[in-house]
Each structure stands twice: as structure tokens, then as C-alpha cells.
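First comes the structure, then the notes that go with it.
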Amino acid sequence: MTTILSLNSSFKFAVNENKTRRGPKRASEFINQYDPIKQKISNSVRSKSSVMKTSSSRQMENLVSYVEDGSVENALQLFDEMNKRSTFLWNIAIRALTSNGYFEEALDLYHQMRTEGVQPDKFTFPFVIKACGGCLDLVTGKKVHSNLFKFGLISDLHVSNSLILMYAKVGHIGSAEKVFDEMPVRDLVSWNSMINAYLFVNNGLTSLTCFSRMQQSGIKPDRFTIVSALHASSLIHSLPNGKQIHAIIIKTKSESNEMIQTSLIDMYVKCNAINYAERFFNLISPRHVAAWNAMIRGYNLNNKPLESFSCLKKMQENRINPDVISLINFLPSCSQLQSMFSGKTIHGYAIRIGFLPHFVLETALIDLYGKCGNPRLSEIIFDRMDQRNLISRNTMIDALVKNGRYQHALKIFRDIWDHDLKPDPTTITMILDIISDIAGLQEGKRIHGYVVISGFYSNTFVLNSLVYMYAKCGDLDSGRVLFDRILTKDIVSWNTIILANGFHGFGEISVNLFLEMIKKGIKPNSSTFFSVLSACSFSGMVEEGWKFFISMKSDYGIDPGIEHYGCILDLLARIGDLDRAKRVITEMPLEPTSRIWGSLLGASRKHRDLELAEFVANRVLSCEHDNTDHTGLYVLLSNLYAEMGRWEDVRRVKSLMESQRLRKTDGLTFVEVKGETFRFMNGDRSHKDSNLIYKVLDVILENRYGDLCKFKPVDFLQRMSKSTDWHSVRLAVCFGLISTAIGKPVLVRKNVRICEDCHCVMKKISLTCQREIVVGDSKIFHHFRHGRCSCHDYW
DNA sequence: TTAGGGTTAG
């Protein structure tokens, strides 16, 4: 049997295949070909030869039969041709549309029914209400709800059950609860609907509480209840709850139900209990495709992408053909392993089998290519999709953001409104990430305004991103105010505010926040320790840093990762304890990374320890073929050699970089003026005020190596000075100085670390202009005031 | 009138 992974990629056909749009027709295309409303209005002139011409009772039988077979097109065509259409017939036609997902069309038909003066009955409304929920049309939903009084159906059991889910789908859980509470009689479906309603608003806990209430009322759960209760357990990641429901499944002998089997596996994998999922999966016989799919997804959710690969292979060995969901579930494993080849193989397979176009699969492919560093392929797929929802747009934005294509990502964000969509919390957090990187404080404030009016103000995920955005845009105070207002602070809220104070140089505040968090009984995680350790490092708090480093293992059982060792090294390097730093590196249980060597190299450069620099250089250069991106490290090494006047070594490092096709990252600086973000490159002359900017820079650069700058060898200054004169940060700051009110701080953001030369110049500017200059580089924020920097010249 | 395995963000 041929397996997917052995189908050596037919990807090369992908682009052309997409163009020609082969594969099954999308439902929307199909329904557009046959629009019952439009055709009825124009008194259809279509040929009727294909439809059976029979007596009215025969017509009715045929209509029911078409609906039962799912032949919506035939059913509606026949309905159009009927002369006398009773409420019963209208109900059947509306049901045909609603049950097949044509919600808007179902509502159109309902309006047509009313226009023609046909009275709806208790069978009409459940379908109409379901259609309102399906297309999230709260306005029509409310109108229909109020009409129920007129028809005396306000207490009808089935109608009320439909209302519960309709309100939940549009996010109005309060209205759903009100309908449920006011029902004179409730049946099992009422309870199931309410339990399910809470799931639509991601409230697993209340859903489970409702499940308990139902059991206390003496009502026995059925398969619908169990599936919802399992979903609720997975939402709150509660393995104990999930296991209790498993016990009910055993007790009620429901284990053979395929949907229950799949939901049970899904619950276990989402509660990070892949072993339980495997154990149950192995008991299933025969194993159906949904169960295999749940396992494939389960492995990548549990960080076992290789097992996901073998699961797909085993599935095919067991002669189960993967369906489109198998591929969708498998693709994240390809991204996790950065295996573009496997992803392309799946893409090719999907084309061969005819799974494409399929907007969810296309979205998963956009995600794959974005995560594997090929946003161009993501764009090709996105541009050619004929159906795009908010998730596909969010995924495209993410693919662009991950690959530094900020402007393009912002364009897709701004286009969202043109397609009758609204950004959701996911969109907002991603856009705030961009704004954080380009210092777009005013744009960030506009997004903050949108968050307030769009009802996401209680979403902790969004609020955490806003706190981070304010801090990264230099407005730490606003970030702190917002943090204090978060009602349900989670661990990320605390980590963010601790980190933010750290990179602004307020280590003591970070430490106090950490202690406050512990006092409130919140358990720190690995990221919390990274935040507090880096804060200690940036503020030179050696004793505290060591204390936290030891405490993370001894008090909280968290093994230090390489990033924590990096902080400790920075800390030791800062105080010049280079022997101890070297000892930490040689004794740590982890393989040193580029970042670790960089930390030590930076320290040796700072403390003029040439012996240590040589040691690091030899170690780095000896592992030049290990596929790690050492770009930053090579640049550091090259600068070090340059400062020492060892030009031969500078050339050696540069040729090494060339041989590995490594290129120094282009320095970019962003500055926001009057709500608009301006970008400067080194030596940039593209700005309309360039002449003025350079003149101001010339004035500032006079006497540039005065008292504030450290001594440097003359040879180095001669070779290097010209190259730093027009560094982007200086251009951006000069533009900021001439474009903002005298006395106001000037804030800029850089994509790489600030160089020592520019650091000197910034101090000088802050002194001569008597203005605060804030430079956020790729690591920390430098607040320059009165000729001094908050980093105390160590960064 | 109610249900499973489907794509996105720290």
C-alpha cells in the first residue's frame, strides 16, 4: 500500500492545481448556482424537465425524500415549482437549508414565507432559530424570539431548547441562561443544550457544574451529555473530571459509541495525558478514522511530533485512508520538526487526492509554511483561497509576523474590516506584537480603544499583550496601570510586568512584584524565573539573582534552562567575575549555545580580558559547522578584534561569515511622530527631512569623543568612526528631536543592540539638549538623562 | 430541538 510519506511530493504541481481549482465544489459555490429566493422572485424560467412532474401528494413525497437524502438543490427546485405551499412544506424547505449549513438562505426563505402571509408554527421556529445561531445573526434571533409571544410559542419546549443554543452561539450566555431558567418544563435536550451552551463561551467549569446539577435533578446523561462533559473537561484541562466521566461511560456501557470514543481520546490528549489516550485507543476495535485523527493531533499537542508521524504511517498500514482532517491534524507536527519536506509531501498528496481547495486545510498549510520560514508560499495559498475566514487571515498575519513582514501583516489586518469581519483576541495580540516591535504607541493606543469597545476588556490574554505593548513602546507607567486593573491576572500577566520592569532597568520593582506574586499564592514557572533573573542581571543585583537561581530548583523543582544560565552569566559578567562565569559554563549540564558564548564574549570585551576572549573565540570558531546561526556572535567577535586592532582576524571572521552565507542584520530604528511610525536604516537619506536631520547630526557630532566616551585606540576610531556616524539610531533620534516639543522625551526602538559609539552619542545628546532619550534595543531599554544611562553602561 | 476528530495568538 502506498503511504502518504512515500508519495515523494507532488508539490511541484501545487500552484498550478490551485489555479485550476480542481477537486470537489465548495458548498457556497453550489448554493450560489441555485438561489431559491432570487429564482422565486423572478418567477423561475428554468427548464423543469429534470424534475419529476407529479401530483401534489407525490410532489410532497419527493420533497421529503430529497431532504432526507440531503439533495438540497433538488428539494428546493421542487419546492419552487409547487403551487400550493402549506406551512408544512415551508418548514421542510427551511429545514433542508438549515440542516445543510445554508443559514442565511434559510432565513431568506423564512422572510419570504412571512411575506407571502404563511403562518409559521412550532416546527418552523427551531430551524429558523438554529439558522440565526448558525450565521451569528443576533438581531434576527431577537426579533424571532419576540415574535414567539405573538404565536403563543414562548413556552414551547423545542423552541426554547433552540433559543438556548442560539444565544450561546452568538456569545450571549446570559440570555441563554434566562431562557433556560424561565422554562416551565425542561427535558434532557434542555439540559444538554445548556451544558453545551457554556462550551460555546469556553466556560468548561460552569458547563460541568450544570452537568452536576442535571444529575442531581435525577436526569440520566445520554451520549450527547457525555460528549459535552468530556469537551468541558478538556477545556479546563481537568484530568480528574475527565476520568470521572470515563467511569460514567463504562457504567452506562457507552464505550462502543464512536463519537464518545473520539471525545474521550480528545479529552485525554488535551489534558496532557497521552498515555491514557493511547491505552484507550488500543482498546478500540475496529479503529475509525476520527480516533486515528485524534491521536495524530494528540501527539503534536503533547510535543511528540515523531509519534504523530508514526501514527499516520500505522493508520495507513491498517488500511485506513487519511481524510482531510488527518492531514490538518498532522501538519503541525511537520512545523514542530521544521520539516518543510514532509509538509510539502502532505500538500502534494492533498492535491492528488482532491482534498484541495479546502479552506481549513489551506489555513493549516499557510501556518506550516509560515512556521517553516517560507511566508511566500503562505501568501500564494492565501491569495488563491476562494474562501477566507478570520482564522485564515489571522494565520496569514502570524506567518508574516514570524518572518518580519510587518507592513504586509498590518495591511491584512486593516483589510479585515472590508470583509465584514472583526478582529478577535488572536488578531489583536498578534498586531500588538508588531506594534511592540516598531514602537507604534499611538497605533497601540488605538487598538487599546478597540479592545475596550469590542468587549475584549476582560480577556486576560489581550490585556497581557497590551501591558507588554505599552512597556515595549516605552510607556511603562501605562503598562503598570493596566496590569493593576487586570481582574483575573494569570501567570503570564505577572511574568510580563516583572520582565517589563526588568528591561526598563527597574530590577528592584521586578523583585518586589515577584515576591508579591508568591505572597498571593501564584506558583512561578520557568518564564517567571527568566523574567526575574534577567531583571536582576540588568540592574546588577547579584545576590538576589543567585538566590532566585538556586531557589528555582530547590523551592519550586524547576530545572534551570539555558536561558536562566544566560542570565546568571550576564550577572557575573557585569560584576567582572569572569572566572566564576567561565566555571558556570564548563560545569553546567547543558550544551552552551551561541547566546551563552556571546554573553561571555561581551563580558571579556567589556573587561578587556583578551585571554578569555581568545578562549571563547576558539570555542566558537571550532564549532563553525554545527548549523547554529552564530551571526550575532561573529559580529561581536569581529568588533572585538577591530577594537584590538587585529585586522587580520577581523577579515578572517568576515570571510567565515561569507563562507557560511551569514549576513549582519541590517540595523533599523523606528520612531513615532504624530501617530506615524518612521523607519530609518543606517545612512538612510530617504526621509523628506533628510537634509535637516543630517545637519542636526553634524552639530551634535562635533566633539563627539569628549569626556563621556571611553578611550579607544586611535587606529580603531579612524577605521570605525565613519561607519557609525550615520547609524540609524542617530538619524531617528535627530528626527525625533526636531519633530517633537522641546523638553519632551524622544523614544526610539531598534531591532539590534545599540553600539557603544551610539551609546556615547545618546548620552551626549541627553546632556546637550536637556532631553530624555529612550532607546529600546533588542535587549533592554536605555533611558539617557543628563549624560547618563539607566544601564550604567553595561548591556 | 442537542453531540466527536478541523486551521490562529503569550
Side-chain angles (χ1 to χ4, degrees), chain A residues 95 98-99 122-123 125-130 133 156-166 168 187-197 199 221-231 234 257-267 269-270 288-298 323-332 335 358-368 370-371 388-399 401-402 423-433 436 459-465 467-468 490-493 495-496 499 525 527:
Chain A
R95 191 181 87 182
T98 302
S99 307
K122 67 173 186 178
F123 297 102
F125 287 107
F127 303 119
V128 172
I129 292 166
K130 184 179 177 179
D156 183 88
L157 182 63
H158 287 187
V159 173
S160 300
N161 288 346
S162 322
L163 282 171
I164 293 171
L165 278 183
M166 184 274 288
D187 67 355
L188 178 58
V189 178
S190 320
W191 282 98
N192 286 348
S193 300
M194 201 59 232
I195 292 167
N196 206 9
L199 302 180
D222 67 354
R223 58 194 193 285
F224 291 87
T225 330
I226 287 170
V227 166
S228 297
L230 286 170
H231 186 178
S234 63
N257 180 287
E258 283 192 8
M259 288 198 189
I260 289 182
Q261 289 172 341
T262 312
S263 302
L264 194 56
I265 295 172
D266 187 60
M267 179 276 295
V269 302
K270 286 183 178 151
H288 43 97
V289 66
W292 283 100
N293 291 349
M295 288 305 296
I296 290 172
R297 180 70 174 136
D323 64 8
V324 70
I325 298 176
S326 318
L327 307 192
I328 291 163
N329 283 1
F330 178 72
L331 286 172
S335 323
H358 182 291
F359 80 102
V360 178
L361 180 57
E362 285 162 328
T363 306
L365 286 166
I366 290 172
D367 188 52
L368 164 90
K371 285 186 174 141
R388 301 184 194 104
N389 63 3
L390 187 61
I391 299 180
S392 45
R393 286 168 206 280
N394 285 349
T395 310
M396 189 63 233
I397 290 174
D398 187 48
V401 171
K402 282 203 166 60
D424 69 355
T426 303
T427 328
I428 291 166
T429 51
M430 288 186 303
I431 294 301
L432 285 173
D433 253 10
S436 304
N459 183 314
T460 305
F461 204 124
V462 170
L463 293 173
N464 292 344
S465 299
V467 170
Y468 186 74
D490 63 9
I491 185 70
V492 181
S493 320
N495 293 352
T496 305
L499 186 73
N525 63 14
S527 301

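Everything numeric in this text was worked out from a predicted model, so none of it was measured.
You'll find that the side chain of A:Asn293 is closest to B:dG5, out of B:dG5, B:dT2, B:dT1. Comparing B:dT8, B:dA9, B:dT2 against the side chain of A:Asp222 picks out B:dT2 as the nearest. Taking every side-chain heavy atom of A:His158 into account, B:dT1 is the closest of B:dT2, B:dT1, B:dG5. Listed candidates were B:dG10, B:dT1, B:dT2. Nearest to the side chain of A:Asp433 is B:dG10. The side chain of A:Pro126 has B:dT1 as its nearest neighbour among B:dT1, B:dT2, B:dT7.
Across all strands shown, A:Ser228 has no heavy atoms under 4.0 Å from either base or sugar-phosphate atoms. In this structure, A:Lys122 reaches neither bases nor backbone, as no heavy-atom distance under 4.0 Å exists between it and the strands shown. At the heavy-atom level, A:Val324 lies nowhere under 4.0 Å from the strands shown. Base contact: A:Glu258 has a heavy atom under 4.0 Å from a base atom. Nucleic acid contact for A:Ile325: base, since at least one base atom lies under 4.0 Å from a heavy atom of the residue. At a threshold of 4.0 angstrom between heavy atoms, the contacts of A:His288 include nucleobase atoms, whether or not backbone atoms are also involved. No contact: A:Asn459 has no heavy atom under 4.0 Å from any strand.
For B:dG5, the base has a donor-acceptor partner in the side chain of A:Asp323 [N/O atoms by modelled type, under 3.5 angstrom]. Counting atom types as modelled, A:Thr363 pairs a side-chain N or O with a base atom of B:dT7 as donor and acceptor under 3.5 Å. At a cut-off of 3.5 angstrom, counting only N and O atoms as typed in the model, there is a donor on one side and an acceptor on the other between the side-chain of A:Thr262 and the base of B:dG4.
Under the 3.5 Å distance criterion, with hydrogens and angles disregarded, a donor-acceptor pair is assigned to the side chains of A:Asp222 and A:Thr225.
At least one side-chain nitrogen or oxygen of A:Lys371 sits closer than 4.0 Å to the OP1 or OP2 atom of B:dA9. Listed pair A:Lys130 / B:dT2 meets the phosphate criterion, a side-chain N or O lying under 4.0 Å from OP1 or OP2. Phosphate contact (OP1/OP2 of B:dT7, side-chain N/O of A:Arg297, threshold under 4.0 Å): present.
Distance alone, capped at 3.5 Å, is enough to place a donor-acceptor pair between the A:Ser392 side chain and the A:Asn389 backbone. Side-chain N or O atoms of A:Asp367 include none that pairs as donor or acceptor with a backbone N or O of A:Thr395 at under 3.5 Å.
With sequence neighbours left out, the side chain to side chain donor-acceptor pair (under 3.5 Å) criterion links A:Asp398 to A:Lys402.
For A:Tyr468 and B:dG10, the ring-to-base geometry does not satisfy the stacking test (centroid distance below 5.5 Å, interplanar angle below 30°).
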